2 protein chains.
Amino acid sequence: MFELNQLEQLLAIANAGTLSKAAEQLHLSQPALSRSMQRLEEELQVTLFERQKNKITFNANGDLALEHAKTIINNAETMISALQAFERSQHTFSIGSCAPAPLWRITPVISRQYTDMTIQSDIKSQDALISGLYNDIYQVIITTHPLNDPDVCSYKYLEEHLYVALPPAHPLSTRKKLSLADINGQTMLLLSRIGFWYDICKEKMPDSYFIVQDEVEALNELRKSSALPTFATNLTAQGRTADANRILIPLTDSEVNVTFFCCIKKSNNHRLSKFIASIQ
Amino acid sequence: MFELNQLEQLLAIANAGTLSKAAEQLHLSQPALSRSMQRLEEELQVTLFERQKNKITFNANGDLALEHAKTIINNAETMISALQAFERSQHTFSIGSCAPAPLWRITPVISRQYTDMTIQSDIKSQDALISGLYNDIYQVIITTHPLNDPDVCSYKYLEEHLYVALPPAHPLSTRKKLSLADINGQTMLLLSRIGFWYDICKEKMPDSYFIVQDEVEALNELRKSSALPTFATNLTAQGRTADANRILIPLTDSEVNVTFFCCIKKSNNHRLSKFIASIQ
DNA sequence: GTAAGTTACGAGCGACGTAAAAATG
DNA sequence: CATTTTTACGTCGCTCGTAACTTAC
């Protein structure tokens with residue numbers, strides 16, 4: 001049987017146009033390449049080139065061989081990346097979530113349970129999460145609704161309730177509850193990468209301007225040094241313990257009082273049994 | 001990049017079950033195979049086997065690699081056979097015909113014109129001929145009707161008229177013309193491999209029994225030594241020159257007075273221009 | 001003359017086989 | 001003890017690079 005490196009050489013010759021240039025690209029001497037192609041022809045029992053004294057061109061066989069070579073090399077490269085991706089996936093616990101808060105809780109749990117695994121988490125749209133679960137990009141996804149699929153188990157995991165954190169001097173700070181509509185128009189501090197929350201803010205508070213911060217620390221600094229309202233959640237210590245400078249007022253909209261579900265392919269149930277037990 | 005022979009070895013191991021047996025099948029020492037697989041794993045940067053002290057089994061990566069390896073090896077083998085088939089086709093002039101007579105004429109013409117080519121001819125049903133022309137199994141096919149396809153040129157080539165050759169003593173031998181229905185029921189001598197003629201005989205002379213001979217010589221011997229009627233055609237010298245023992249009577253059915261057409265893919269027009277000129 | 005290709009020849013490295021060791025049933 | 005696998009080591013062969021030659025523009 002011929003060898004893959006000979007097919008690579010064939011492609012290189014097609015790309016470079018001449019043996020010499022191809023040899024250079026392949027870090028090979030030109031005579032070595034010449035002989036390698038002679039061996040390939042011998043192996044295939046077919047001439048691939050039209051040889052003139054100082055010129056070599058593909059003949060019809062060569063053109064055909066080139067097409068086959070391309071697919072074979074392509075398959076070989078696919079094999080390598082598929083294997084390496086599979087290997088990585090074996091040692092990586094990938095979680096996708098539609099919001100950041102569940103990850104704050106779940107990541108430490110997993111890293112304690114699966115000590116030899118890398119944990120990788122994404123915040124994505126629900127659609128992206130679901131297709132990621134089907135394609136085994138995620139072992140676990142966290143959504144706001146259980147998945148309606150017999151091959152997937154959805155476990156109720158957490159409830160999240162949002163508050164608005166107002167400075168005491170704020171005109172609305174005496175209210176017992178508020179809706180997003182009530183605070184629409186306010187300029188607010190907001191974290192980035194908050195998944196579906198951002199879409200809700202944009203939709204329900206179209207007149208507000210959001211000062212977006214990437215880092216929690218940066219946001220906290222701004223919170224201290226400004227009178228801007230922010231959001232808070234029941235899922236962080238920082239959100240719950242009333243801040244000296246802020247009064248937390250519950251938000252009433254159903255969209256900001258959600259239940260999160262952990263969704264796992266049934267085929268992964270066994271592998272993740274320890275994890276499943278821990279979230280129930 | 002890894003090499004194809006390593007993939008072949010991988011398959012051999014999967015088939016044989018143990019390194020030792022696989023090595024034997026591969027005509028390789030067992031340690032050599034062991035190291036070759038170690039190199040493959042190194043190359044892929046992925047372990048493929050679960051190694052115990054004196055036992056080696058595929059792991060999940062290995063199973064996946066095996067699937068990829070199968071398709072790659074398969075592609076490689078396909079490449080070899082496709083190239084060799086293509087090479088052969090380049091040096092072979094393949095003609096398919098629905099009847100033998102046109103081949104008697106056309107074959108010598110082609111062999112004179114294309115001296116470096118092998119001529120290969122088949123007698124097949126019209127359907128098989130047409131699909132063979134499309135798949136480049138035939139460069140030329142001979143049919144009884146022109147093809148209705150803009151990519152194919154159909155050239156009128158020959159007319160063939162059948163006669164029935166009766167012994168002078170035969171009751172019908174004084175007729176000026178006959179139809180197949182008139183001689184239905186007669187036991188007749190017939191050549192084999194006569195293409196669509198055979199179907200016509202069977203259809204139009206359902207009550208006849210046909211003594212079929214593979215060889216022309218054998219048929220001629222029987223013709224001399226028996227009084228059995230046979231068919232004759234305008235396309236052979238032997239058919240035309242009246243035989244002392246036979247009287248040739250024209251058959252009137254339209255089915256046995258046919259025009260043959262040479263059909264050639266337009267894409268082959270250039271390559272076959274010499275041939276096309278010679279048949280017009 | 002430069003740039004392309006093939007052939008000739010010597011050298012080095014890489015894959016092979018043999019031998020040895022270790023483990024299992 | 002037979003079977004299976006890995007490691008160690010020396011050898012052989014294959015492929016490489018250099019050099020020389022030929023041809024074309």
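So that the names make sense, note that chain A is the first sequence line, chain B the second, and so on, each numbered from 1. Values in this document were obtained by computation on a predicted structure and should not be read as measured data.
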Q) Which part of the nucleic acid, if any, lies within contact of A:S20, taking any heavy atom under 4.0 Å across all strands shown: a base, the sugar-phosphate backbone alone, or nothing? A) sugar-phosphate
Rounded to whole Å, the CD-P distance (A:E3 to C:dG14) equals 16 Å
Distance col, row A:K55:NZ vs A:L19:CG, nearest 0.5 angstrom, shows 13.0 Å
Nearest-nucleotide check on DNA chain D, A:H27 vs B:S34; residue mapping nearer the 5' end is B:S34
Discussion item. Could you check whether B:F49 and B:F58 have their ring centres less than 6.0 Å apart?
Written reply: yes
- Any salt bridge between B:R105 and B:E160, counting N to O under 4.0 Å? no
One should read off an interatomic distance between B:I137 CD1 and B:T92 OG1, to the nearest 0.5 angstrom, of 12.5 Å
Taking N and O atoms by type only, does the side chain of B:R35 place a donor or acceptor under 3.5 Å from a partner on the base of C:dG17? yes
A:L33 atom CG is separated from D:dT18 atom C1', nearest whole Å, by 16 Å
Separation of D:dT4 atom P from B:I13 atom CD1, nearest Å, is 14 Å
Out of D:dT7, C:dT6, C:dG17, minimum distance to the side chain of B:P31 belongs to D:dT7
Rounded to the nearest 0.5 angstrom, the OG1-CZ distance for A:T143 and A:F261 is 7.5 Å
* To do: Using distance alone, with no hydrogens and no angle criterion, decide if A:T71 and B:N75 have a side-chain donor and acceptor under 3.5 Å apart.
  => no
(message) Closer than 4.0 angstrom, basic N to acidic O: yes or no for B:E67 and B:K70?
(response) yes
| query | Which part of the nucleic acid does A:S29 contact within heavy-atom distance under 4.0 Å: base, sugar-phosphate only, or nothing? | reply | base
Sorted by number, residues from residues 53-63 of chain A placing a heavy atom under 4.0 Å from DNA chain D are A:K53, A:N54
Rounded to whole Å, CD of A:E24 lies from P of D:dG17 at a distance of 13 Å
> Do the side-chain N or O atoms of B:Q38 get closer than 4.0 angstrom to the phosphate oxygens (OP1, OP2) of D:dT7?
Replying inline: yes
Whole-Å distance, B:R39 CZ to D:dT6 C1', equals 14 Å
A:Q30 atom CD is separated from C:dT2 atom C1', nearest whole Å, by 14 Å
Atom CG of A:L40 and atom P of D:dT15 are separated, to the nearest Å, by 12 Å
note: A:N5, atom CG; D:dC14, atom C1'; distance rounded to Å ~ 13 Å
